Colleague: 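One structure, pasted below without further comment.
The chain is numbered in sequence order, starting from 1. Because the structure is predicted, anything quoted here is derived from the model rather than measured.
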Amino acid sequence: MVEVLHNLLSKVVDYAIFFFEFMGVIVLILAGIRGVINYFRKNPRTQLYLAKGMAMGLEFKLGSEILRTVVVRDVQEFLTVAGIIALRATLTFLIHWEIKKEEANGELEEK
């Protein structure tokens, strides 16, 4: 019975990881396309919109890495996943910092 539940959990987690990875890629692609369109339209908020899209895509990817820790089999695999999570979390933090900076600059320019 435990083996069946373990296999079921592994399958569910594998599909969820695939879904989150896929959604992250789609969001990043759409943000990139929107960024290119806004760039050619000379939209002054292009960098902000692109950063928000990248942050959202990275959060989906980060979610998939967190789920991946559920099915880790050994210490080496755990360390690899932990490293990826740390890198993606750092990137997400830096992008959110950039977003706040851009929003603050936009508010100053509007006044």
Colleague: Sort and list the pairs that fulfil salt bridge (charged side-chain N to carboxylate O under 4.0 Å, His left out) and have at least one residue in residues 89-98, not counting sequence neighbours.
Modeller: Glu98-Lys101
Colleague: So how far is it from Ile99 CD1 to Leu94 CG, rounded to the nearest 0.5 Å?
Modeller: 11.0 Å
Colleague: Look up atom OG1 in Thr80 and atom CD in Glu77, then write down how far apart they are to the nearest 0.5 Å.
Modeller: 7.5 Å
Colleague: Following the transitive rule for hydrophobic clusters with a side-chain heavy-atom cut-off under 4.5 Å over Ile, Leu, Val, Met, Phe, Trp and Tyr, establish whether Leu48 and Leu58 coincide in one cluster.
Modeller: yes
Colleague: Give me the atom names and distance for the closest heavy-atom approach of Ala89 to Leu62.
Modeller: N-CD1, 4.2 Å
Colleague: How far does CD1 of Ile66 sit from CD1 of Ile84, to the nearest 0.5 angstrom?
Modeller: 12.5 Å
Colleague: With the side chain counted from C-beta on, respond yes when Leu50 and Arg34 share a heavy-atom pair under 4.5 Å apart, and no when they do not.
Modeller: no
Colleague: Please report the interatomic distance CG(Leu87) to OG1(Thr92), rounded to the nearest 0.5 Å.
Modeller: 10.5 Å
Colleague: Inspect the contact between Lys52 and Glu102 and indicate whether a charged nitrogen and a carboxylate oxygen are less than 4.0 angstrom apart.
Modeller: no
Colleague: Decide whether Tyr49 and Met54 are clustered together by the hydrophobic rule: side chain heavy atoms of Ile, Leu, Val, Met, Phe, Trp, Tyr closer than 4.5 Å, transitively.
Modeller: no
Colleague: What pairs of donor and acceptor atoms, side-chain ones from residues 9-32 against any protein atom, are under 3.5 angstrom apart with sequence neighbours left out?
Modeller:
{"residue": "Ser10", "atom": "OG", "partner": "His6", "partner atom": "O", "Å": "3.1"}
{"residue": "Glu21", "atom": "OE1", "partner": "Lys61", "partner atom": "NZ", "Å": "2.4"}
{"residue": "Glu21", "atom": "OE2", "partner": "Ser64", "partner atom": "OG", "Å": "2.5"}
{"residue": "Glu21", "atom": "OE2", "partner": "Arg68", "partner atom": "NH2", "Å": "3.4"}

Colleague: Could you walk me through whether Asn38 and Arg45 satisfy the side chain to side chain contact (heavy atoms under 4.5 Å, CB included) test, starting with their C-alpha distance in whole Å, then the side-chain angles of each, then the deciding distance to 0.1 Å, before giving a yes or no?
Modeller: CA-CA 8 Å; Asn38 285 333; Arg45 313 270 294 167; over 6 Å; no
